[in-house]
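Down below is the structure, laid out as structure tokens.
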Amino acid sequence: MKAILCSVLVLLSLSATAAKLTIPDTLEVLVVDGEQQSQSFFTKATNLELEPGQHVVEIQYREMFEHDTEDHHETVRSEPFILMFNVQADDVLRLAHQQQLDIEQARRFAKSPKVQLNNENGQALVVQQLSQKRYQQDLQSMQQQRRQQVVKKSLSEDPGEFRHQGPDTVEMLEYWWELATDAERQEFIRYLQEEQK
């Protein structure tokens, strides 16, 4: 019983510190911090609980319009795009964008959507908006920089900066000695004797 009560208290304390983000039905959430999201097309709005810190959310604008002259609907979609922002504990936030009054406005907006992140008082917060392509390029650039730093450390003259990882050299020599045939051992001994001359 105590374990169940403790679990409930932990969950309540986590949700009490989580920020709440409301996203309108015209913005479909695709990925949150690398995790795919599943959503129905008919969802009215999305409510996310986010832990304090930085978040990366991939979204897509999509809105359905009725044709005046024809008896069908058309959905206008943007390319997916990335939002990067920080949240504090217990923030109450809302994503917003300019309302599109007709399908032509929506098509123009979908080519270059702009969204705003507002707090509960309606004040705009800092949010970085990137195209999916630009975000991937930035990620690759950061990974390349990290690789270059590792290589630079490995080539450093200070052995303390880069520690050898892997099996001990003596252990490996013993291992290969055990696997070698008698002829190979004799050949290796001759090689060592030649090297000492």
Side-chain angles (χ1 to χ4, degrees), residues 1-66 73-103 105-147:
M1 182 67 176
K2 280 185 177 181
I4 294 172
L5 184 58
C6 287
S7 297
V8 170
L9 289 175
V10 167
L11 287 174
L12 288 175
S13 67
L14 286 176
S15 65
T17 61
K20 303 206 178 1
L21 174 62
T22 301
I23 299 170
D25 63 340
T26 54
L27 297 174
E28 182 179 2
V29 179
L30 304 174
V31 180
V32 177
D33 297 330
E35 189 175 314
Q36 295 281 341
Q37 304 293 301
S38 61
Q39 187 174 16
S40 166
F41 184 80
F42 299 103
T43 303
K44 291 296 179 202
T46 300
N47 294 303
L48 299 175
E49 288 195 358
L50 303 170
E51 292 302 312
Q54 185 175 30
H55 295 279
V56 178
V57 179
E58 182 179 337
I59 61 177
Q60 180 179 35
Y61 166 74
R62 59 150 176 68
E63 194 166 0
M64 189 184 300
F65 291 88
E66 288 185 33
H73 298 86
E74 183 177 336
T75 301
V76 177
R77 287 186 171 84
S78 71
E79 291 294 320
F81 56 97
I82 307 294
L83 300 177
M84 296 171 56
F85 54 90
N86 287 304
V87 299
Q88 304 295 321
D90 299 323
D91 276 349
V92 177
L93 307 170
R94 174 178 289 280
L95 272 180
H97 63 82
Q98 186 177 21
Q99 184 180 1
Q100 309 309 308
L101 300 175
D102 59 39
I103 196 166
Q105 277 187 347
R107 286 177 181 148
R108 284 192 297 273
F109 180 77
K111 288 180 182 175
S112 181
K114 296 282 184 250
V115 298
Q116 192 169 344
L117 182 63
N118 299 322
N119 65 15
E120 58 191 330
N121 299 326
Q123 295 172 321
L125 302 177
V126 176
V127 62
Q128 186 176 8
Q129 183 173 330
L130 302 168
S131 69
Q132 206 177 33
K133 182 179 179 181
R134 174 67 190 270
Y135 178 70
Q136 292 299 328
Q137 288 172 342
D138 288 354
L139 273 182
Q140 288 175 348
S141 175
M142 286 190 317
Q143 289 170 345
Q144 180 138 4
Q145 287 173 359
R146 285 187 195 136
R147 282 190 213 112

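This is a predicted model, so every value here is computed, not measured.
Taking a 6.0 Å sphere around CD of Q143, one finds it holds more than 12 heavy atoms contributed by other residues, nucleotides or ligands. No more than 12 heavy atoms of other residues, nucleotides or ligands shown are found within 6.0 angstrom of CD on Q98. Summarising the local packing, CZ of R107 is surrounded by more than 12 heavy atoms from other residues, nucleotides or ligands at distances under 6.0 Å.
T26 pairs with exactly one of H97, R62, Q60, E63 by the side-chain hydrogen bond (donor to acceptor under 3.5 Å, both in side chains) rule, that one being H97.
Taking E79 as the reference, nothing meets the salt bridge (Lys or Arg N to Asp or Glu O under 4.0 Å) condition, with sequence neighbours excluded. Among residues two or more places apart in sequence or in another chain, the salt bridge (Lys or Arg N to Asp or Glu O under 4.0 Å) test is passed with R108 by none. The side chain to side chain contact (heavy atoms under 4.5 Å, CB included) test applied to Q99 returns L101, not counting sequence neighbours.
Between R134 and D138, the closest side-chain pair of non-hydrogen atoms falls below 4.5 Å. Between V76 and F109, the closest side-chain pair of non-hydrogen atoms is not below 4.5 Å.
For Y61 against L27, the heavy-atom pair with the smallest separation is CA-CD2, 3.9 Å. The shortest heavy-atom contact between E51 and A18 is OE2-CB, 4.1 Å. Closest heavy-atom contact between P80 and L30: CB-CD1, 3.7 Å. Pairing each heavy atom of I82 with each of Q132, the nearest pair is CG1-CA, 4.2 Å. Of all heavy-atom pairs spanning H55 and D33, the tightest one is ND1-OD2, 2.6 Å. For the pair Q105 and Q100, the tightest heavy-atom approach, listed with the atom from each and the gap, is O-OE1, 3.1 Å.
To the nearest 0.5 Å, atom CD of residue E58 and atom CG of residue L83 are 10.0 Å apart. Considering CD of Q37 and CG of L48, their distance stands at 6.5 Å, rounded to 0.5 Å. Between atom OG1 of residue T22 and atom CD of residue E120 there is a gap of 11.0 Å, rounded to the nearest 0.5 Å. Between atom CG of residue L125 and atom CG of residue D91 there is a gap of 7.0 Å, rounded to the nearest 0.5 Å. I103 contributes atom CD1, which lies 11.0 Å from atom CE of M64 (distance to the nearest 0.5 angstrom). Separating the CD1 atom in I23 from the CG atom in L117 is a distance of 9.5 Å, to the nearest 0.5 Å.
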| field | Evaluation steps, side-chain contact (heavy atoms from CB on, under 4.5 Å), between I59 and L95 | value | CA-CA 11 Å; I59 61 177; L95 272 180; 4.2 Å; yes

| said: Could you go through S141 and Q137, starting from their C-alpha distance and side-chain angles, then the distance that decides it, and tell me whether this counts as side-chain contact (heavy atoms from CB on, under 4.5 Å)? | reply: CA-CA 6 Å; S141 175; Q137 288 172 342; over 6 Å; no

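Judged by distance alone, the side chain of N119 and the main-chain N or O of N121 form a donor-acceptor pair under 3.5 Å. Proximity of a side-chain donor or acceptor of Q129 to a complementary backbone N or O of P113 within less than 3.5 Å is detected.
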